[in-house]
Amino acid sequence: KGLRPVALRVMTMTRADGCYAPPNPCAPPGTHIHALPGDYPLASTIHTDAYGTAEAPIVYISDTPYGARLDMRGSGTDLDHRSTWEMNGSYEQVIGFDMTTSGSGARAGVIVYGEHVTVARNYIHDIYRGSCHDDNLGGAGIAVAGPSGFTSTPFAVIDSNLIENIGLSLRSDPDPVCKAAVHGIYISVSDNIVTNNIVRNAVGYGIHVYHNANHNIIANNDVDHSGE
């Protein structure tokens, strides 16, 4: 009751139609946005900033697990090309997608800037391809940064994702700074939950908790062949 299912090809939405900008008239609290199976080549990062509630979150879901395949192919290192998906709202959930970045400057699969968001049961792979983009910037399969920098407490839930092949080409890159800052899951803020994830083949740490990261729950994750 109260849910508003919307079936559409998610990648056809644009900021101009209101779907990506507060107050998000086409996605009020409780909306479920379903993505059909298929390949979704992206020219730029998906930015979502919908505002749900604890009782009625905004849910973006692939109807078939891993069936909606998102590939951010655009070039550049600016805000519109640095990841596959950027979550800026509150009480947003991204569930069941296959995400990658073949764009030359992309450095993350999902970046969380919002609050009370959930990233669950996604396959995030082959992120940060090629040589070092900028050794002042890190990268990750999933990065949780929060809305207010290192003082944030975003209360994000990162659960049951499969994350692999993050920054592999950096293993042969001569820049040691860059490869040390690209991880499977990167938590730089406080009060988050990271559970039941599988992380394989990350050039940096499988799960890295750094900067002002306090009171995080990190449990029952499986990390393999990372930090090599």
Going by atom types only, do [X] and [Y] share a side-chain donor-acceptor pair under 3.5 Å?
X: His125; Y: Asp98; answer: yes
X: His34; Y: Asp63; answer: yes
X: Thr195; Y: Asn220; answer: no
X: Trp85; Y: Thr45; answer: no

Handout entry: side-chain contact (heavy atoms from CB on, under 4.5 Å) partners of Thr53, counting only residues at least two apart
Key = Pro29, Glu55, Ala56
Exercise for the section: Only counting residues at least two apart or in another chain, list the ones meeting side-chain contact (heavy atoms from CB on, under 4.5 Å) with Asp126. Expected result: Thr100, Arg129, Asn165
Handout entry: Closest contact, heavy atoms only, Tyr51 versus Ile58
Key = C-CG1, 4.1 Å
Practice task
Give the ring-plane orientation class for His116 versus Phe155, where under 30° counts as parallel, over 60° as perpendicular and anything between as tilted.
Solution key: parallel
Handout entry: Test side chain to side chain contact (heavy atoms under 4.5 Å, CB included) applied to His47 and Asn88, step by step
Key = CA-CA 7 Å; His47 294 266; Asn88 299 286; 4.0 Å; yes
Show me, pair by pair, the donor-acceptor contacts under 3.5 angstrom made by side chains of residues 204-211, not counting sequence neighbours?
from	atom 1	to	atom 2	distance (Å)
His211	NE2	Tyr186	OH	3.4

Fill in the blank from the handout: Partner of Thr118 under side-chain contact (heavy atoms from CB on, under 4.5 Å), picked from Ile193, Ile158, Val157, is Val157
Problem - Passing candidate, side-chain contact (heavy atoms from CB on, under 4.5 Å) with Asn192, options Ile217, Val112, Ile187 - result: Ile187
Handout entry: Ion pair check, Lys179 and Asp173, cut-off under 4.0 Å
Key = no
